[in-house]
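The structure appears below as structure tokens.
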Amino acid sequence: MKQLTQQQKRFVIEYIRTLDGELAAKKAGYKCKDLKAFSMELLEKDQIIHAIKTHLKHQIDSLNVQKGYVIQKLLQIAEFSLEQEDILDKEGNPTGKMKLRDSSAGLKALESLCKYLGFSNPPDEEQYHEAKIITISNLDDEKI
């Protein structure tokens with residue numbers, strides 16, 4: 001594979017930092033009328049793609065984060081966010097009703113966990129089972 005020029009190497013590093021091809025080309029010192037189009041041409045070159053992948057892999061490997069740690073933290077976020085807490089009135093007294101702490105953060109953590117564990121991959125046709133659709137209007141407060 002053809003070696004990268006110093007300018008191309010700078011482009012790769014800047015692109016990884018910014019994920020903006022036009023800005024990366026500018027910071028790498030390229031001077032042309034249409035930096036955006038030029039950066040797209042650079043990003044189509046096999047040696048540039050290979051260099052980006054290599055640099056990213058090196059950065060990921062250097063982090064040395066254990067998979068178990070990531071899974072544990074995502075579970076902690078999901079559990080904490082999906083715990084129920086009292087709804088308080090204006091004076092700060094419990095109303096007797098409950099709510100989830102932060103359902104959007106909990107669901108985001110669960111979604112990330114599922115992706116991380118590979119649950120979001122499309123199922124094989126043999127594993128497909130028809131799902132029953134239940135609307136929220138069919139549920140009462142005790143079932144939620």
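When a residue number appears, it is its place in the shown sequence, counting from 1.
Pairing each heavy atom of Leu4 with each of Lys9, the nearest pair is O-CE, 3.7 Å. Between Tyr30 and Leu35, the shortest heavy-atom contact is O-CD2, 3.7 Å. The heavy-atom pair separating Phe38 from Cys32 by the smallest distance is CB-SG, 3.7 Å. Heavy-atom minimum distance, Leu82 versus Ser103: CD2-CA, 4.0 Å. Here the closest non-hydrogen pair linking Asp89 and Thr95 is N-CG2, 3.6 Å.
Between the Asp86 side chain and the Leu88 main chain, no donor and acceptor come within less than 3.5 Å of each other. Checked by atom type and distance alone, the side chain of Gln8 never pairs as donor or acceptor with a backbone atom of Ile48 at under 3.5 Å. Checked by atom type and distance alone, the side chain of Ser39 never pairs as donor or acceptor with a backbone atom of Ala25 at under 3.5 Å.
Rounding to the nearest 0.5 angstrom, the gap separating the CD1 atom in Ile49 from the CG atom in Leu42 is 10.5 Å. Expressed to the nearest 0.5 Å, how far CD of Glu22 lies from CE of Met40 amounts to 11.0 Å. The line from CD of Gln72 to CD1 of Ile77 is 11.0 Å long, rounded to the nearest 0.5 Å.
Of the charged side-chain nitrogens involved, none lies within less than 4.0 Å of a carboxylate oxygen, so that Lys45 and Glu41 do not count as a salt-bridged pair.
More than 12 heavy atoms of other residues, nucleotides or ligands sit less than 6.0 Å from atom CE of Met98.
You'll find the side chain of Gln47 stays beyond 4.5 Å of the side chain of His50, heavy atoms only. Annotation: side chain of Leu43 is in contact with side chain of Ile52 (closest heavy-atom distance under 4.5 Å). Contact check for Arg10 versus Gln6: side-chain heavy atoms found under the 4.5 Å cut-off.
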Task: Candidate pair Lys99 and Gln84, rule side chain to side chain contact (heavy atoms under 4.5 Å, CB included), full reasoning - done: CA-CA 5 Å; Lys99 68 173 184 168; Gln84 288 188 341; over 6 Å; no

